[in-house]
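Structure, as structure tokens:
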Amino acid sequence: MPKLREAIPKPRSNFIKVRCPDCGHENVVFDRASRNVSCSVCGAVIAEATGGKVLLRGEVVERLG
Ligand SMILES: [Zn+2]
């Protein structure tokens, strides 16, 4: 049996693909980002940091992992 380096259970975090409401670019956002996330193309804020799960400003395209 392999040794686990961490046995502490953690809430699962996810990456979410969010479409920018301004330009339509699909950005991958970490759902527990500690800072606001901006669109990589136009710079619009697409997810606001809240201290927990981010507040999404754009449309969720897909949830990853
Ligand atoms: Zn954009």
Side-chain angles (χ1 to χ4, degrees):
M1 187 176 166
K3 278 189 181 176
L4 297 174
R5 293 185 60 170
E6 281 186 90
I8 304 161
K10 289 181 181 174
R12 276 193 63 183
S13 297
N14 296 293
F15 288 91
I16 304 166
K17 202 183 276 184
V18 181
R19 180 172 289 133
C20 173
D22 286 5
C23 74
H25 180 72
E26 292 176 3
N27 296 267
V28 175
V29 174
F30 182 50
D31 81 344
R32 290 181 179 274
S34 55
R35 294 181 185 179
N36 287 1
V37 181
S38 300
C39 173
S40 61
V41 172
C42 73
V45 174
I46 54 170
E48 276 181 58
T50 63
K53 287 204 171 187
V54 295
L55 192 63
L56 299 171
R57 289 258 185 93
E59 179 194 343
V60 175
V61 180
E62 191 181 351
R63 289 181 185 273
L64 313 164

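We count ligands from 1, going down the list as the structure has it; atoms in each ligand are counted the same way. Please read these numbers as outputs of a predicted model, since none were measured by experiment.
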*asked:* Tell me every residue that passes side chain to side chain donor-acceptor pair (under 3.5 Å) with R57, counting only those two or more places apart in sequence or in another chain.
replied: E48
*Is V54 reachable from V45 through a run of hydrophobic residues whose side-chain heavy atoms are each under 4.5 Å from the next?*
no
*Within-2.8 Å protein N/O/S contacts of the Zn ion (ligand 1)*: C20 SG, C23 SG, C39 SG, C42 SG
*Not counting sequence neighbours, which residues clear side chain to side chain donor-acceptor pair (under 3.5 Å) with S40? List them please.*
H25, N27
*asked:* For the backbone of F15 and the side chain of D31, can you confirm whether one donor and one acceptor N or O come within less than 3.5 Å of each other?
replied: no
*Between atom CZ of F30 and atom NZ of K53, what is the distance when rounded to the nearest 0.5 Å?*
10.0 Å
Sequence neighbours left out, cut at 3.5 Å: what donor-acceptor pairs do the side chains of residues 58-65 make with other protein atoms?
from	atom 1	to	atom 2	distance (Å)
E59	OE1	R19	NH1	3.2
E62	OE1	K17	NZ	3.4

